[in-house]
Amino acid sequence: MNKVDNLSPAKLGVLLVNLGTPDTPTPKDVRQFLKQFLSDPRVVDLSPWIWKPILNGIILNTRPKAVAKLYESIWWPEGSPLMVISERQREALSEILKARHGRDIPVELGMSYGNPSLSAGIDKLLAKGIERLVVLPLYPQYSCSTVAPVFDAIASDYKQRRNYPETRFSKEYFNHPAYIAALADSVRRHWQEKGRGDCLLMSFHGVPLRYVTEGDPYQAQCQHTAQLLAEALGLSESQWRLCFQSKFGKEEWLTPATDALLESLPSQGVKRVDILCPAFAVDCLETLEEISIGGKESFIEAGGEAYHFIPCLNDDEAHMQLLADLVTEQAAGWLKS
């Protein structure tokens, strides 16, 4: 009979999660990515009898080529910006956790859609001997269409395993003081380097209004984040606006819409705007193309004079310290054993 070693501490690991990206900016890989993403009933919860013919018959035959061109416009020599930055985050978080806690705490990436999958990330961590796991989705505000799919996928993965690690799950951090401070610092640095616009726009990814009326707290959490950031920056109500981007489909989504707001501001006397996307932890297609490029075109064509996009927190030092805080908070009690 094997002797049980009760003196060995259970090894902790971290799964850093984001939405994901196509492997390449080609129609083939974009189609594969969109199919997986848009087939998730958490993302589009229409009846499969209605949605699948639309998805397979129309969207996947028309959208991949156009979306691939958009990805190509923001693709880096090293690869997808989201993946390149995520890898930098993984390395930085691992180093910070080791410095803080005096032990190796492996960190791996897992994407809700595309590669590396959540299961692949868990496999890597288990291969390193972890017995306890902190799952950290990089979505500050909870939504049933972003955070919930991560929980679903983790549960589905565990159903296939004879054994799985003791797991804690970070659900949201929309009002975490370190998150608000990191956002505020990024805006202040931008103002110091580029000057200050007439208005600061905080553009959050949108969701269908129906999700909110059915219980999703996302809108309220976005409003809370925006208010806290405005207060941290000392902004009056006329100096900032909250808006929602990336509408998809014909259903009513949260408003005001970012694109419509940008087109209306110049006629209201707002000629210079600064814009950031607090719901995104990593720059990606929705920030680098939709907001940085497309948003600027809309604003300038409407009569705006200066448009400045403030990058996501990415692997900024303050952001990485925040992520380490979130891991440490979730692992309370584990790090002492």
Side-chain angles (χ1 to χ4, degrees), residues 16-40 42-44 51 54-90 109-118 120-121 137-139 143 145-146 149-150 153 203-207 243-249 253 257-259 262 275-301 307-315:
L16 200 59
V17 181
N18 213 314
L19 188 135
T21 175
D23 291 335
T24 68
T26 61
K28 178 182 177 181
D29 283 347
V30 169
R31 186 181 191 280
Q32 182 177 346
F33 177 76
L34 289 178
K35 183 173 184 178
Q36 184 186 9
F37 174 48
L38 296 176
S39 294
D40 189 337
R42 286 285 199 175
V43 176
V44 181
W51 178 239
I54 297 174
L55 176 63
N56 295 313
I58 301 175
I59 293 175
L60 294 179
N61 288 319
T62 59
R63 291 287 293 164
K65 187 174 180 179
V67 174
K69 289 183 178 179
L70 298 180
Y71 271 108
E72 190 174 5
S73 72
I74 58 100
W75 211 258
W76 291 352
E78 312 97 301
S80 164
L82 183 144
M83 187 57 61
V84 173
I85 297 168
S86 294
E87 181 59 31
R88 293 175 186 169
Q89 290 180 328
R90 185 196 68 77
L109 297 177
M111 300 294 161
S112 293
Y113 316 101
N115 299 308
S117 67
L118 294 170
L138 293 186
Y139 305 110
S143 173
S145 59
T146 53
V150 180
S203 180
F204 294 79
H205 198 290
V207 299
C243 47
F244 296 95
Q245 65 183 83
S246 309
K247 179 180 178 180
F248 177 79
W253 279 43
T258 300
D259 52 2
L262 286 170
I275 185 167
L276 78 162
C277 302
F280 295 86
V282 179
D283 275 313
C284 55
L285 184 70
E286 288 82 358
T287 65
L288 296 175
E289 194 287 323
E290 181 181 356
I291 298 301
S292 182
I293 298 174
K296 181 176 182 178
E297 291 176 353
S298 298
F299 183 69
I300 298 301
E301 288 176 3
Y307 179 97
H308 291 116
F309 167 68
I310 302 173
C312 295
L313 294 176
N314 294 324
D315 58 339

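Every heavy atom of this structure was used, including side-chain atoms; hydrogens, water molecules and symmetry mates were not. The model shown is predicted, which means the values in this text are computed figures rather than measured ones.
- Side-chain polar atoms of S73 and E289 form no donor-acceptor pair below 3.5 angstrom.
- Between L118 and A153, the shortest heavy-atom contact is CD1-CB, 3.3 Å.
- Put simply, CG on L288 and SG on C277 are 9.0 Å apart, with the number rounded to the nearest 0.5 Å.
- Using a 4.5 Å heavy-atom cutoff, the side chains of L19 and F280 are not in contact.
- Scanning all heavy atoms of the two residues, the minimum distance from D23 to W75 falls at O-CZ2, 3.5 Å.
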Criterion side-chain contact (heavy atoms from CB on, under 4.5 Å) on I293 and I74, from CA distance to verdict:
CA-CA 10 Å; I293 298 174; I74 58 100; 4.3 Å; yes

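- Between R90 and E87, at least one side-chain N (NZ, or NE/NH1/NH2) sits under 4.0 Å from a carboxylate O, which counts as a salt bridge.
- Taking CG from L276 and NE2 from H308, the interatomic distance works out to 14.0 Å, rounded to the nearest 0.5 Å.
- When side chains are defined from C-beta on, S143 does not count as touching R42, because their heavy atoms never get closer than 4.5 Å.
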Walk me through it: do M111 and L82 pass the test side-chain contact (heavy atoms from CB on, under 4.5 Å)?
CA-CA 11 Å; M111 300 294 161; L82 183 144; 4.0 Å; yes

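- Using a 4.5 Å heavy-atom cutoff, the side chains of L70 and E290 are not in contact.
- Counting heavy atoms from C-beta outward, L138 and Q89 have side chains that approach closer than 4.5 Å.
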Step by step, would you call N61 with R31 a side-chain contact (heavy atoms from CB on, under 4.5 Å)?
CA-CA 8 Å; N61 288 319; R31 186 181 191 280; 4.2 Å; yes

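- Take Y139 and apply the ring-ring contact (aromatic ring centres under 6.0 Å, His included) test, not counting sequence neighbours, and it matches no residue.
- Between P64 and P27 the shortest heavy-atom distance is CB-O, 3.6 Å.
- A 4.5 Å side-chain heavy-atom check between F309 and D283 finds at least one atom pair inside the cut-off.
- Summarising the geometry of P278 relative to S203, their closest heavy-atom pair is CD-O, 3.7 Å, with the distance given to 0.1 Å.
- Ring orientation note: the planes of W253 and H205 are tilted relative to one another, at an angle of 30° to 60°.
- Side-chain contact check for V44 versus L55: every heavy-atom pair is 4.5 Å or farther apart.
- Applying the salt bridge (charged side-chain N to carboxylate O under 4.0 Å, His left out) rule to E301 yields no partners; only residues at least two apart in sequence or on another chain are considered.
- In this structure, L262 and Y307 have side chains that are in contact, with non-hydrogen atoms separated by less than 4.5 Å.
- Between the side chain of D315 and the main chain of S86, no donor-acceptor pair closer than 3.5 Å is present.
- Residues forming a ring-ring contact (aromatic ring centres under 6.0 Å, His included) with F37 (at least two apart in sequence, or on another chain): Y113.
- Side-chain contact check for S298 and D259: no donor-acceptor pair (N or O, by modelled atom type) lies under 3.5 Å.
- Residues T21 and F33 share a closest heavy-atom pair of N-CE1, 3.3 Å.
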Using side-chain contact (heavy atoms from CB on, under 4.5 Å), reason through F299 and I275 one step at a time and then give a plain yes or no.
CA-CA 11 Å; F299 183 69; I275 185 167; over 6 Å; no

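- For the pair Q36 (side chain) and G114 (backbone), a donor-acceptor distance under 3.5 Å is present.
- Note that the OG1 atom of T146 and the CG atom of D40 stand 11.0 Å from one another [nearest 0.5 Å].
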